[in-house]
Amino acid sequence: MKYKVLVYDTKDYDRENFELLKGTDFDIDYLDTKIDINTAKLAKGYHAVCVFVNDNVNKAVIDVLYRAGIRLLALRSAGYNNVDVTYIYQKIHVVRVPDYSPYAVAEHAIALLLSLNRKIHKAYNRTRDHNFSLSRLQGFDLHGKTIGVIGTGKIGRVFIDICLGFGMKVLAYDAFPYEDKRINFVDLETLYQQSNIISLHVPLLNDTKHMINAKSIAMMKDDVIIINTSRGGLINSSDLLDGLIKRKIGGAALDVYEEEASIFFEDFSYEIIQDEVITRLIALPNVLLTSHQAFLTKEALSNIVTTTLNNIKDFFQDKPLQNEICDACKKAATCEKKHRCF
Ligand code: NAI
């Protein structure tokens with residue numbers, strides 16, 4: 001059997017990796033466009049559809065896919081907050097790529113922190129303009145500083161290891177803490193109060209949405225640096241902006257933004273962006289923003305495609321779906337499935 005797969009929201013780097021790794025079992029078509037109620041209709045006749053982080057798989061899209069005969073949704077991501085997992089349950093199986101490269105994301109978070117702190121983005125522009133002044137480029141030693149890591153899963157742990165290598169003190173918060181003498185697991189309030197830098201590595205769920213807000217920001221140290229490579233919705237962006245403008249927050253390094261879906265991955269350099277929060281954030285000297293590129297390494301892209309293709313094959317060969325995600329998995333963190341979620 002040849003598996004016909006329709007892949008949404010693709011860029012050249014996605015297509016190159018799929019073409020390189022698909023072998024003879026797959027017949028793949030690629031769309032530039034994201035999935036919505038109109039583009040979902042194109043899935044008719046395919047065995048599976050494959051989407052990315054900013055494809056909004058809501059109730060209406062799920063209905064269209066289901067009517068088109070789709071029974072497998074393959075996510076090219078670890079996060080699945082863009083899928084209505086409650087509604088899709090018992091209609092369409094959802095598989096994801098849980099750990100394509102925690103190093104890619106953790107290393108990007110560190111790159112953002114180092115660049116923001118040492119003002120590399122400013123220095124780069126200066127020297128290109130033959131401006132060799134060091135004025136206002138001062139940073140601080142990371143060594144000895146306290147970093148608060150929220151979420152100590154695969155990415156959080158790699159991130160912590162790097163921070164420990166820098167000689168930082170690590171405070172951590174997770175719904176499921178683990179034993180590690182090098183790390184001090186604390187409650188969120190303590191983490192907010194004692195950290196010089198805070199980095200987010202939890203998934204976006206109902207109880208993590210806007211966890212960084214005016215109230216939590218007020219608890220933080222003055223000049224705190226906030227890093228978010230997880231999901232934009234973890235931060236109330238208006239409150240973040242307010243904290244930056246009032247100089248409570250010393251800097252923000254962001255790879256994600258809560259309203260990124262209509263902006264990221266596209267070139268708007270000749271347009272006028274209507275979202276005033278992001279344009280204001282970008283304009284601040286102490287904000288560094290990348291457009292959801294933390295995953296973008298050679299190894300991660302290759303792993304994403306390999307796991308996605310294996311997920312699809314496992315489904316059609318009636319094998320247990322290691323990487324299936326469902327409503328129950330989401331609520332219990334560990335689903336008790338044996339073979340499939342339903
Ligand atoms: P993971 O599932 O290994 O770790 C998540 C951790 O969060 C777990 O330890 C879990 O116990 C904890 N957690 C879950 N709910 C919580 C809550 N309510 N309160 C406190 N802790 C909670 O996930 P992984 O691989 O480390 O990824 C983390 C996040 O990174 C993903 O959910 C995704 O949103 C984001 N990500 C971003 C990428 C990017 O390119 N910017 C790429 C890949 C992932």
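Just so you know, ligand 1 is whichever comes first in the structure, and atom 1 is the first atom listed for that ligand. All values below come from the heavy atoms of this structure, side chains included, with hydrogens, waters and symmetry mates left out.
- Contact atoms of ligand 1 toward Ala294: 39 (C), 40 (O), 41 (N) (distance under 4.0 Å to a heavy atom of the residue).
- Counting atoms of ligand 1 from 1 in the listed order, those under 4.0 Å from a heavy atom of Tyr173 are 19 (N), 20 (C).
- By the 3.5 Å distance cut-off applied to N or O atoms, Ala175 is counted among the residues near ligand 1.
- Taking distance alone, with nitrogen or oxygen atoms compared against 3.5 Å, Thr229 approaches ligand 1 more closely than that limit.
- Between Asp36 and Asn56, every side-chain heavy-atom pair lies at or beyond the 4.5 Å cut-off.
- Under 4.0 Å from ligand 1, the heavy atoms of Leu205 that appear belong solely to its side chain.
- Salt bridge status for Lys2 with Asp25: absent, with no side-chain N to carboxylate O gap under 4.0 Å.
- Among the atoms of Ile155, some N or O lies under 3.5 angstrom from an N or O of ligand 1.
- Counting heavy atoms under 4.0 Å from ligand 1, residue His292 touches it through the side chain alone.
- Close N/O approach between Tyr100 and ligand 1 is not found [any backbone or side-chain N/O within under 3.5 Å].
- With contacts defined as side-chain heavy-atom distances shorter than 4.5 Å, the pair Asp14/Val7 does not qualify.
- The pair Asp161-Arg182 meets the salt-bridge criterion, with a side-chain N (NZ, NE, NH1 or NH2) lying under 4.0 Å from an Asp/Glu carboxylate O.
- Remark: the Asn17 side chain and the Ser302 side chain contain no N/O donor-acceptor pair separated by less than 3.5 Å.
- The structure places NZ of Lys145 at 12.0 Å from CD1 of Ile147, a figure rounded to the nearest 0.5 Å.
- Comment: Asp63 does not engage Lys91 in a salt bridge, judged by the lack of any side-chain N to carboxylate O separation of less than 4.0 angstrom.
- When heavy-atom distances to ligand 1 are checked against a 4.0 Å cut-off, Asp207 comes that close only through its side chain, counted from C-beta outward.
- The atoms of ligand 1 that sit less than 4.0 Å from any heavy atom of Thr208 are 17 (C), 18 (N).
- Remark: among candidates Arg231, Met211, Gln293, the nearest residue to atom 36 (N) of ligand 1 is Arg231, based on non-hydrogen atoms.
- Smallest separation of non-hydrogen atoms from Val224 and Ile249: O-CG2, 3.4 Å.
- Considering both main-chain and side-chain atoms, Phe295 comes within under 3.5 Å of ligand 1 through a nitrogen or oxygen pair.
- A centroid separation of 6.0 Å or more is found between the aromatic rings of Tyr257 and His292.
- The closest approach between a heavy atom of Ser230 and any atom of ligand 1 is below 4.0 Å.
- Counting heavy atoms under 4.0 Å from ligand 1, residue Lys154 touches it through both backbone and side chain.
- Close contacts between ligand 1 and His201 involve ligand atoms 5 (C), 28 (C) [criterion: under 4.0 Å to a heavy atom].
- Contact of the Gln194 side chain with the Val186 side chain is not registered, since no non-hydrogen atoms from C-beta on lie closer than 4.5 Å.
- Salt bridge status for Lys59 with Asp84: present, with a side-chain N to carboxylate O gap under 4.0 Å.
- Contact atoms of ligand 1 toward Phe176: 11 (O) (distance under 4.0 Å to a heavy atom of the residue).
- Within ligand 1, counting atoms from 1 as listed, the ones closer than 4.0 Å to a heavy atom of Val202 are 7 (O), 13 (N), 20 (C), 21 (N), 22 (C).
- The parts of Asp174 lying near ligand 1 are both backbone and side chain, judged by heavy-atom distances below 4.0 Å.
- Between Asp32 and Arg15 a salt bridge is recorded (basic side-chain N to carboxylate O distance below 4.0 Å).
- For ligand 1 and Val105, the ligand atoms under 4.0 Å from any heavy atom of the residue are 38 (C), 42 (C), 43 (C).
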